[in-house]
Amino acid sequence: MSGSLLITRAGPLTTIQDAGRFGMLAHGISASGPMDRAAYDLAGRLAMAPPGTIEITTAGLDFRVETGPCVLGFAGGAFTVRHNGSLFEWPGKLALKSGDTISVSPGPSGNYGYLRFDGRIDVPAIMGSIATNSRARLGGLEGRVLAAGDRLRLIDGFAPELSPAPAGIVEGPIRVVWGLHADLFPTVRDRFVSTPFKISSRLDRMGVRLEDPAGVFASSTILSLVSDAVLPGDIQILGDGTPIVLMRDHQPTGGYPRIATIITADLDRFAQMRPGSAVAFASVSVDHAHHLLRGQP
Amino acid sequence: MIMASDANTLVQPTIMPLGDGALLVRFGDTLSEAANSAAIAFARSLADVPLAGVVESVPNLVSVLLRYDPRSVQLAQLSGEVRLRLYARDDAALPPAAHHAIAVTFGGEAGPDLDAVASSLRLTPEAFVTAHNASALRVLATGFAPGFVYCGFHPPELQLPRRAEVRASVPAGSVLFAAGQTAIAATAIPTGWHVIGTTTFRNFDPQATPPTRMRAGDAISFEPAP
């Protein structure tokens with residue numbers, strides 16, 4: 001196939017992603033990839049899509065199909081999607097032809113949505129991946145966010161077989177395993193898992209700052225630590241007591257103490273929590289986190 | 001405080017989970033010659049003979065990160081394998097490393113902190129540069145940003161803490177100094193380190209395979225740019 005899309009409106013931080021740029025931590029490069037992996041997979045299943053997606057943020061995205069036809073699959077959060085002005089259900093899929101317009105606008109929930117096509121987005125792979133790393137300014141379209149006026153070509157691509165999605169849990173506390181430096185917070189650990197925090201308005205692909213209205217970390221004074229490996233979901237405490245959850249475009253290493261790490265099964269759900277949402281944490285064992293990944297209760 | 005500076009002492013590592021997809025093998029809580037050497041040696045042994053189920057192993061300043069696939073390996077089994085490897089390791093078995101000679105333009109616009117650094121250490125800028133370049137350093141780790149390398153260790157008389165303020169951005173090629181180390185920025189980064197000079201060397205090329213040229217354990221020396 002070959003197709004072409006013209007972006008006519010892009011919300012901030014709209015990026016091209018794929019599953020991620022793995023194996024590059026030794027070179028100082030985090031993997032990036034979708035903030036909500038399950039939604040990325042679902043959109044791909046709907047469109048029978050090869051790897052690659054446009055990851056949209058709450059403000060949404062408008063585009064016109066300059067050359068079609070193509071199939072669009074969309075999922076992630078709850079957005080509002082219009083095809084040539086008519087409303088369609090989200091998540092879902094649509095067959096598009098030349099001249100069609102798609103408008104995605106904010107819906108009731110979620111921070112990230114995924115648009116996937118039955119053609120491959122024709123941007124160069126950097127270190128084996130087209131994922132945009134917003135911190136290192138790599139991948140995607142010239143390492144940057146998408147903007148109105150950008151054209152994306154769709155070319156032939158192979159859709160991989162996907163294993164069935166494990167049923168996600170949509171409610172309850174966000175589960176964590178205790179982190180690298182949990183022992184440095186002996187008096188705070190109990191309060192960390194019994195006190196609600198709030199998602200602040202300062203969130204992006206690198207990290208989500210939390211509000212700590214109860215002042216759980218207000219009096220934490222931790223000396224600087226030797227810089228060590230960071231992974232998505234790590235909850236680090238800044239010098240002023242602000243907790244930050246590090247996300248897909250995280251620094252590869254960091255020197256702030258980390259009290260806990262969000263488990264893989266709950267990281268997508270956390271990424272979709274909007275500013276102002278209350279968030280509670282619960283600690284589980286690594287073995288329990290693995291059971292959840294294998295689809296066991 | 002006792003610095004574990006005797007490289008012949010076998011450092012006792014700890015194995016801890018980092019989330020539900022990685023183990024971190026730590027050879028110390030503070031940065032020392034011994035902990036760093038042990039981390040580099042262990043990472044190399046994992047690169048030479050990989051462990052089943054491990055998808056990525058990464059040396060850090062005092063640790064090695066092992067990312068694994070929880071669908072293909074059990075945590076208890078992997079921890080056991082790691083323990084066996086640690087038991088059999090030999091920290092002294094580091095093969096000879098590559099050597100990098102880096103030409104640096106010290107001071108001036110590209111090294112705005114050089115004079116302040118020298119005066120804090122009660123040296124003239126020229127004497128500081130000479131002392132800095134006389135240190136036999138090695139690459140301690142890559143981290144923080146693409147191709148960013150930490151190099152150490154300078155002798156105790158060249159120890160200086162970081163700046164109180166962070167610069168929002170310093171350009172690629174900036175040569176940085178703090179905490180007994182010299183670091184080289186391969187991309188534009190924010191930093192609280194002292195900026196003492198600049199180099200045309202870039203330890204990051206996204207089009208190259210591999211994208212960085214320096215590896216932890218490589219020897220590195222600095223010299224004035226002609």
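Chain identifiers are assigned alphabetically (A, B, ...) following the order of the sequence lines, protein sequences preceding nucleic acid strands; residue numbering begins at 1 within each chain.
In this structure, no portion of A:N133 lies under 4.5 Å from any heavy atom of chain B. The part of B:L24 that comes within reach of chain A is its side chain, from C-beta onward, which places non-hydrogen atoms under 4.5 angstrom from that chain. Contacts of B:R215 with chain A are absent, with no heavy-atom separation under 4.5 Å from either backbone or side chain. No part of B:F148 comes within reach of chain A, as not one of its non-hydrogen atoms sits under 4.5 angstrom from that chain. Looking at A:R258, the atoms closer than 4.5 Å to chain B (heavy atoms on both sides) all sit in the side chain, from C-beta outward. The contact between A:L25 and chain B is made by backbone and side chain atoms together, counting heavy-atom distances below 4.5 Å. With a 4.5 Å cut-off on non-hydrogen atoms, B:N60 touches chain A through its side chain but not through its backbone.
Across every non-hydrogen atom of A:G254 and A:V230, the tightest pair is N-CG2, 3.4 Å. The nearest pair of heavy atoms linking B:R44 to B:G217 is NH2-CA, 3.8 Å. Of all heavy-atom pairs spanning B:V82 and B:F42, the tightest one is CG1-CZ, 4.2 Å.
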Full working for side chain to side chain contact (heavy atoms under 4.5 Å, CB included) between A:L13 and A:R205 = CA-CA 8 Å; A:L13 307 180; A:R205 290 187 46 82; 5.8 Å; no
Residue pair A:D240, A:T242: steps toward the side-chain hydrogen bond (donor to acceptor under 3.5 Å, both in side chains) verdict = CA-CA 6 Å; A:D240 65 0; A:T242 305; 2.8 Å; yes
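Of the residues considered (A:I126, A:I262, A:T261, A:D228), A:D228 shows the highest number of contacts with chain B, using heavy-atom pairs under 4.5 Å. The candidate with the highest count of non-hydrogen atom pairs below 4.5 Å against chain A, out of B:V149, B:T212, B:V64, B:D20, is B:D20. Interface summary for chain B: among A:D234, A:V177, A:T264, the most heavy-atom pairs under 4.5 angstrom belong to A:T264. Put simply, of B:A43, B:A145, B:G28, the one with the most heavy-atom pairs under 4.5 Å next to chain A is B:A145. Ranking B:E56, B:Q74, B:M214, B:R67 against chain A, the residue ahead of the rest is B:E56, based on heavy-atom pairs under 4.5 Å. Interface check for chain B: of the options A:G179, A:A289, A:G23, the most heavy-atom pairs under 4.5 Å are formed by A:G23.
Considering CG of A:N111 and CG of A:L203, their distance stands at 5.5 Å, rounded to 0.5 Å. One finds the CD atom of B:Q159 at 7.5 Å from the CZ atom of B:F177 (value rounded to the nearest 0.5 Å).
The contact list for residues 190-210 of chain B toward chain A, using heavy atoms and a distance under 4.5 Å, reads B:F204, B:P206, B:Q207, B:P210 by residue number.
Enclosure of atom CZ in A:R191 by more than 12 non-hydrogen atoms of other residues, nucleotides or ligands within 6.0 angstrom is indicated. Atom CZ of A:R137 sits in a sparse spot, with 12 or fewer heavy atoms from other residues, nucleotides or ligands closer than 6.0 Å.
Checked by atom type and distance alone, the side chain of B:S135 never pairs as donor or acceptor with a backbone atom of B:L137 at under 3.5 Å.
Residues A:F217 and A:F185 bring their aromatic ring centres within 6.0 Å.
Judged purely by distance below 3.5 Å, without hydrogens or angles, the side chains of A:Q17 and A:T15 pair a donor atom with an acceptor atom.
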